[in-house]
Amino acid sequence: MALVVQKYGGTSVANEDRIRHVAQKVALACKEGDKIIVVISAMAGETDRLIVLANKLSDNPREREMDLLMSSGERVSAALLAITLNGMGVPAISFTGRQIGMVTDSIHMKARIRKITGEKIRAALDEGKVAVVAGFQGVDEATGNVTTLGRGGSDTSAVAIAVAVKADRCEIYTDVDGVYTTDPNVVASARRIDAISFDEMLEMASLGAKVLQVRSVEFGKKYNMPIYVKSTFQDVGGTLVTQENSEMEEVVVSAVAFARDQAKITMLGIPDKPGIASKIFGAVATKQINVDMIIQNVSDQGLTDMSFTVPKNESRQTINALRPAAADIGARDITSDENIGKVSIIGVGMRSHTGVAAKAFEALAAAGINIMMISTSEIKVSCVVAGDEIDRAVRVLHDAFELALPPDQRKFKDES
Ligand code: ADP
Ligand code: ASP
Ligand code: MG
C-alpha cells in the first residue's frame, strides 16, 4: 500500500465526462489499495475567465481580491470531484487550502508556501476517505487572507502536500504523457524523456516549460520527492523527475524551452557611473519583480542604456517602480518592448562540453533569427528573440541538437 498524491490539471477536469474519468482513475487507485490525496486545478479556462471578468470591472483590481476570486475555481472542481466520488460509492471529502492548513507568505498572486499542517488530510485518510484538495491556494498566516501560488500553482500544492504528508510519490496528471524535449504542441517531433533530473527540470520550468510550475520542482528537489508526469487520458508513457543518476540519458543538450510572457524594459540615457545598477534593480526588487536577463550598452559620452527582461504582466508595475529611480539618476526615458520571447537550450551535459552556445548561435544565425540578448549558465543558454520568431527559433534549436532522435543516435554527444 502506498500513499500517493495525484494532481489533475485544468484540461483533465474540463467538463463532466472528464471529472467522471478522473473519479474512475482515483477509484481504481483506491481499489488497488493505495491511499489517495487528490489535488485539483480549476476547470480549463476558468482562471483566465475570472481574470478577464475582474479586468472588465476595474483597470487595476486589488491583488487581495484577485486571490479570493481566483481561488474559487479550484474549490469548484474539488467539490465536484468529491461529489462524483461519493456518488460512485468511493468515500471522499473536499478541502480548501485554508482547511488543510496551507500557510503562505503575504505576497498575493505569487505566494510562497511556508508550512502545511495537514491535520484534516491525515484525519480523512485515517477514516478511509480520499482527500480532495483545492490546489493553487493558501492562507496568509498574518492576515488570514486567501493567497494564490502563481499561475500553474496547483503543481506546487501537490508536491508540497506530498512532502508534508510524507507520501511515497507525487503523480502529476496532465494533457501530455510526460516531459518532452520541447513542447510537443509546438514541435511535433519532440521526444518524451523517460527520466529527468530535478536540476534539468528546474531549468526547463524556470525557462518556460509550463508542464510543471518551477516551485513544485524546487520542493521535489529539496525534499527528494519523486514526481511522475503522466497523461490523464492514456495509460502509457510518463516521465520520472528525480535525482540525477547513472541511468539517465547521457546527453549534452536535453531540451529546448521557451517563454512568451516576457517584456524588455530599457532605461535610456543613464549616466555611466558607480551605483546606478543598484538603484535601478533595487527599485524593481522592492516590488518582488523577478528581473531576468540584463544587458548594458557600451557607454557613449558618459551615457549608457540598460535593458532587462521581466514578466510581461509586471511590465507596467516595473515602469512605475522605476520612475522615481530614473528621475533620481537623471535617466532620459524608460521604454518597454512586449514583442519578445526567450528561447533556451538546457542540459547538465553542458557542464563538461564546450561549443554548445556557439552551435546554438550558429543555428539561429543560419535561420536569419536575430538575437537581442544572451545569458548563459553552467547548464543553459538563453536568447531573447522577437516574439513572432519564437516558434521558429525553438524548431531550429531542436533540429540543431537532433533532439527528435534517440540520444545514442545524436551526433552532438557528451564525450567527457
Ligand atoms: P495542466 O493544466 O494539466 O496543469 P499545463 O497546460 O499547465 O497543464 O501544462 C501542460 C502543457 O505544458 C502541455 O500541454 C504542453 O503544451 C506544455 N509544455 C511545455 N513544454 C513542455 C515540455 N517540455 N514537455 C511537455 N509539455 C510541455
Ligand atoms: N488554475 C490555476 C491556473 O490556471 C492553477 C493551476 O491550474 O495550476 O494557473
Ligand atoms: Mg499546469
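Predicted model only: the values in this text are computed from it and were never measured. Quick note: residue numbers are just sequence positions, from 1. Atoms within a ligand are numbered from 1 in the order they appear, just like the ligands themselves.
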Within the heavy-atom cut-off of under 4.0 Å, ligand 1 is lined by Lys7, Gly9, Gly10, Thr174, Asp175, Val176, Gly178, Val179, Tyr180, Thr182, Asp183, Pro184, Asn185, Met204, Ala209, Lys210, Val211
Does any N/O atom on Asp155 come nearer than 3.5 Å to any N/O atom on ligand 2?
no
Look only at interatomic distance and state if Gly152 has a nitrogen or oxygen under 3.5 Å from any nitrogen or oxygen of ligand 2.
yes
With sequence neighbours left out, what residues match Ser382 under side chain to side chain donor-acceptor pair (under 3.5 Å)?
Ser344
Is it the side chain (CB and beyond), the backbone, both or neither of Glu74 that lies under 4.0 Å from ligand 2, heavy atoms counted?
side chain
Between Ser154 and ligand 2, find which residue part has any heavy-atom pair under 4.0 Å and reply side chain, backbone, both or neither.
both
Among protein heavy atoms, which lies nearest atom 3 (C) of ligand 2, and at what distance?
Arg151 NE, 3.3 Å
When distances are taken from atom 7 (O) of ligand 2, the protein heavy atom at minimum range is Ser41 OG, 3.1 Å
Compute the minimum heavy-atom distance from Gly9 to ligand 2 and say whether it is under 4.0 Å.
no
Under 3.5 Å: donor-acceptor pair, side chain of Asp34, backbone of Cys30
no
Between Lys312 and Arg260 (side chain of the first, backbone of the second, donor and acceptor by atom type, cut-off under 3.5 Å), is there such a pair?
yes
Could you check whether [X] pairs with [Y] (Lys NZ or Arg NE/NH1/NH2 to Asp/Glu carboxylate O, under 4.0 Å)?
X: Glu402; Y: Lys411; value: yes
X: Lys110; Y: Glu314; value: yes
X: Lys342; Y: Asp292; value: yes

Which pairs, with at least one residue in residues 357-372 and sequence neighbours excluded, count as a salt bridge (Lys or Arg N to Asp or Glu O under 4.0 Å)?
none
Cationic tip of Lys230 above Tyr228 ring, under 6.0 Å, 45° of axis
yes
Below 3.5 Å, can you tabulate the donor-acceptor pairs from side chains in residues 17-24 to any protein atom, sequence neighbours excluded?
residue : atom : partner : partner atom : Å
Asp17   : OD1  : Arg20   : NH1          : 2.9
Arg18   : NH1  : Thr11   : O            : 2.8
His21   : NE2  : Thr232  : O            : 2.8

